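Every value quoted in this text rests on a predicted model; they were computed, and no experiment measured them.
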Amino acid sequence: MKKIYLDHVATNPLHPEVLDAMLPYFKEHYGNPLSIYEPGMKAREAIENARESAAALINAKPKEIIFTASGAESNNFALKGIAYAGQGKGKHIIVSRIEHHSILNTARFLEKAGFAVTYLPVDKNGAVNPVDVDKAITKETILISIIHASPEIGTIEPVAEIGQIARENGIIFHTDAVSSVGNIPVDVQSLNADLLSFAAHQFYGPKGAAALYVKEGIRIVPLIYGGIQEGGRRAGTENVPAIVGMGKAAELAKRDMQKRIDHISPLRDKLIGNALKTDKVLLTGHPEKRLPNHASFVVEYIEGEAMLLLLAAKGIYSASGSACSSKALKASPVLISIGVPAHLAQGSVVFTLGEETTEDDINYFNETFPQIISRLREISPYAKGWEGMEGSACTAQK
Amino acid sequence: MKKIYLDHVATNPLHPEVLDAMLPYFKEHYGNPLSIYEPGMKAREAIENARESAAALINAKPKEIIFTASGAESNNFALKGIAYAGQGKGKHIIVSRIEHHSILNTARFLEKAGFAVTYLPVDKNGAVNPVDVDKAITKETILISIIHASPEIGTIEPVAEIGQIARENGIIFHTDAVSSVGNIPVDVQSLNADLLSFAAHQFYGPKGAAALYVKEGIRIVPLIYGGIQEGGRRAGTENVPAIVGMGKAAELAKRDMQKRIDHISPLRDKLIGNALKTDKVLLTGHPEKRLPNHASFVVEYIEGEAMLLLLAAKGIYSASGSACSSKALKASPVLISIGVPAHLAQGSVVFTLGEETTEDDINYFNETFPQIISRLREISPYAKGWEGMEGSACTAQK
Amino acid sequence: MYSAKVMDHFTNPRNVGEMPDADGIGTEGNPVCGDVMKIYIKVNDDKITDAKFQTFGCGAAIAVSSMVTEMAKGMTLDEALKITKASLAEALDGLPPQKMHCSNLGADALHKAIEDYRNKQK
Amino acid sequence: MYSAKVMDHFTNPRNVGEMPDADGIGTEGNPVCGDVMKIYIKVNDDKITDAKFQTFGCGAAIAVSSMVTEMAKGMTLDEALKITKASLAEALDGLPPQKMHCSNLGADALHKAIEDYRNKQK
Ligand SMILES: Cc1ncc(COP(=O)(O)O)c(C=O)c1O
Ligand SMILES: Cc1ncc(COP(=O)(O)O)c(C=O)c1O
């Protein structure tokens, strides 16, 4: 059976060249990068080369890159590290309501530790209004953190404007760019970012390698204390092969970025155009300002996980923000924040394309998706509308 | 030239079977383990299998294993996670003076956050006295963390007794077993450990995979917030291949443990016996209660980094706790804590053997090491004794 | 994640559809929670002669609906009232823990349909 | 880590050893810090005709000692006083930053030896 991977926002397959670049660091160059003999020094050099490639991808300096093990770690590090470093100045932080869990849950932790957090609303397309950021700033504000692009609805946020506002107010600005870096051009200078999180597995690199950009001169308290790795800012024996893989993946992403976008974006448009022909299928997120590989919908009257499973049975791999498909068993906060009612949010489904996606894949998808929708609607008690649906909130079962 | 790797305490070469086990998770099974389609579910299964193997290695239950990315992360997680979870009960923590930096520096961070920390002394062999632990306990004590075995001097601490004392006093006990797990039998039950850190790269597994054992029923605050990975206790897309590698390495370590010890330990004894024949070479750490692969010395009148470099030029890779070889440029706190004077600590050198070490390797080493010592002593102004050495502390240059 | 049996009942659900001449109808769940089951029964001589369902929900919910209608057919009403979450999960070779409570509404919906039928008889 | 030149001077140090009939001796550093250099010079007609060293220290320290004695030989005392940390590091094709201050004591030790010589002349 055909296998069509349309869940690139969850993780990417490893690029074969990336694996090739990594392999010597499992085998010959196994040394600890702190060691002063050959297998260690080779590892050290490889890390520094990877740092250059990672920096180049976002137009930063190599020494501004701190390697971590995941996007989530980068986000935790950014929020806690700047909060602890800046708490003498003030204890107020601004984030949006559509941040990734690794930002939202860290913000909640900081609230318990005595920080005040403002959670900014978004409009129906999922965009933060820079005016709201400006209004939320107080004398106590030390950090603004806004996601660059939502993995769930694809919307690209006006991060440059928000960064500009932060800069004018002397406030540190972090952006979670895990779902954007490698997929669209990201430049920390033009985004006015002081900190930026990104992860290799989002651009054909390995899992286990990610980074936090920290602008030169900004003080950050470590999340992981220990030895002198990463300039004393992130301890732990370096995951050399994964870091090497991140470097290679960054190099490829920089080289192939436009080619990838030119290939993926028309296929994505074709997918969206076809999906919207089916009745009661709605695009979520911004119609234009969205990740070029990203198509996200709510399909009325049916539930997301059921769609995923039937699609998977046809070899199509995708994701959903439905409560059923997330083990958290709560309707996606992102969909709720853009005003999707909870019963509609259950019908969420997200397709994210990659460089290996072909026109044939999309044709096959375009045939299959409407069939699956109608099959599930045949089973649904709501197939003709939401009448009879009780409006009560979902509490009893949770 | 012969290459003899005698720095297994820094990191281990990857076992070829481990790499073979990992490769499919870079290639076919690249999915996100949270996904509900095939490439994701295969990854999920593999992680759960690895969890079983990791748990079996230390006689824990699979659900008591939380995967992390490094020994340092496990240690940070343990200390901060238990401190934050228990701060309502008390704010006192006990550690020893010979903990790894990832414990010591985290303890210092917690001091800044309002916790009191007692740093217990050790005897001349580097052993903590359980009586000292008992005496240090106050009503406020919520956590005791003692290293299982020192990577620098090899001493194995009386962790079971200390764990017993902790248990009798209703205090949570953590042990940093990064340098012991996989090298000697470690059983969380007989050690009375509530938490235990270990890392795959210390037993022929990959860098980037480590774990924290947390006894069932013990509440820990996450270090990395985000999604629901690792039962919500450690977020971030899982480094599937590395975790798989850790599982495989744990399996091999369990299977081959005694065989490895039986092979390595006599070679290590031969190395020590020969080294001590040279004048003014002193063994550091406990003469018997030490890691079976561990030989550590101070060599008088010469400096450690110079030894390492000359050894490396002969193909022998080793480590030192000398200030020169550590980028921290401070004499090893561990050596100072066992009463080695700072000028002697400069002559520190550590050899740690592995399963691939051969009798031939040790013979070659035993020939080479005395030559290098005498060569450097020929250059040294102290070759005939420390006379003329000023006793002043080292401050001006640092 | 799901047993082969769940996947079978999910991908080839039995007894799907409305039953315009049903003797009893029971609905359980709420679309806000992600799962709603509507069970229709035909009753003759205290026996369930036919059962159908309509379900909005995840794979588990659809499989449970299919299974509960299969099991109910041919049972007396009192027998059908003994169907439980646990017996349904067992019949499906198990359900993932997080689905046990949210998506396993088949027994409740069936019991409501029986209640509905009995109320109509009064 | 180290340049080829450093490694060469470290593994094959020039001018090693004591000089019992030295005209000037200079010692710099402290074993507690990890590096001590002792420089011996022979002086004739205001020129350094020979130089030797003994060093306790790391690779950089030994290479610096070797290099400073090589450079000094044949220089006048005033020329030798112009040797600096920077010129030594340059002659060695650079030193790692963390070694620049700790292990680069050659110029200071040499200058002390010259001072020692001059003091003895008074
Ligand atoms: C005892 C001990 N604890 C912690 C660590 C840190 O582990 P990692 O380097 O994997 O972060 C080490 C490293 O070797 C160690 O020996
Ligand atoms: C926007 C965003 N932030 C953070 C993360 C977390 O990254 P990771 O899964 O590498 O920890 C993700 C994951 O996909 C993401 O999309």
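Of the possible donor and acceptor atoms, one in the side chain of A:N105 sits under 3.5 Å from a partner among the backbone N and O of B:G226. With B:K27 contributing its side chain and A:P16 its backbone, the two residues share no donor-acceptor pair below 3.5 Å.
Within the 4.5 Å cutoff, the side chain of B:F26 has heavy atoms near those of the A:M22 side chain. Looking at heavy atoms from C-beta onward, B:L23 lies in side-chain contact with A:L23 at the 4.5 angstrom threshold. Side chains of A:L223 and B:I224 form a contact here, defined as non-hydrogen atoms less than 4.5 Å apart. A heavy-atom distance below 4.5 Å is not found between the side chains of B:Y30 and A:L14.
Neither the backbone nor the side chain of B:T68 comes within contact range of chain A; no heavy atoms are under 4.5 Å apart. Neither the backbone nor the side chain of B:V18 comes within contact range of chain A, judged by heavy atoms closer than 4.5 Å. Looking at A:F77, there are no atoms closer than 4.5 Å to chain B (heavy atoms on both sides), in backbone or side chain. Using a 4.5 Å cut-off between heavy atoms, B:T106 touches chain A through backbone and side chain atoms alike. Neither the backbone nor the side chain of B:Y25 comes within contact range of chain A, judged by heavy atoms closer than 4.5 Å.
With values rounded to the nearest 0.5 angstrom, B:S70 atom OG is found 8.0 Å from A:Q229 atom CD. Between atom CD1 of residue A:I36 and atom OG of residue B:S320 there is a gap of 8.0 Å, rounded to the nearest 0.5 Å. Taking CG from A:N32 and NZ from B:K207, the interatomic distance works out to 6.5 Å, rounded to the nearest 0.5 Å. With rounding to the nearest 0.5 angstrom, the NZ atom of B:K3 is 11.5 Å from the CD atom of A:E28.
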Checklist entry - Given B:E38 and A:Y317, is the side-chain contact (heavy atoms from CB on, under 4.5 Å) satisfied, shown in steps? => result CA-CA 8 Å; B:E38 169 122 3; A:Y317 302 141; 3.8 Å; yes
Checklist entry - Passes side-chain contact (heavy atoms from CB on, under 4.5 Å), A:E73 versus B:Y225? Steps please. => result CA-CA 8 Å; A:E73 183 186 337; B:Y225 283 94; over 6 Å; no
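In this structure, A:K2 places its NZ atom where more than 12 heavy-atom neighbours from other residues, nucleotides or ligands lie under 6.0 Å away. Residue B:H101 places its NE2 atom among 12 or fewer non-hydrogen atoms of other residues, nucleotides or ligands, all under 6.0 Å distant. Within 6.0 Å of NZ in B:K314 there are 12 or fewer heavy atoms belonging to other residues, nucleotides or ligands.
Between the side chains of A:Y37 and B:D7, at least one donor-acceptor pair of N or O atoms lies under 3.5 Å.
Looking only at heavy-atom pairs under 4.5 Å with chain B, the residue among A:R234, A:H100, A:K80 that has the most is A:K80.
Heavy-atom minimum distance, B:A72 versus A:A235: CB-C, 4.0 Å.
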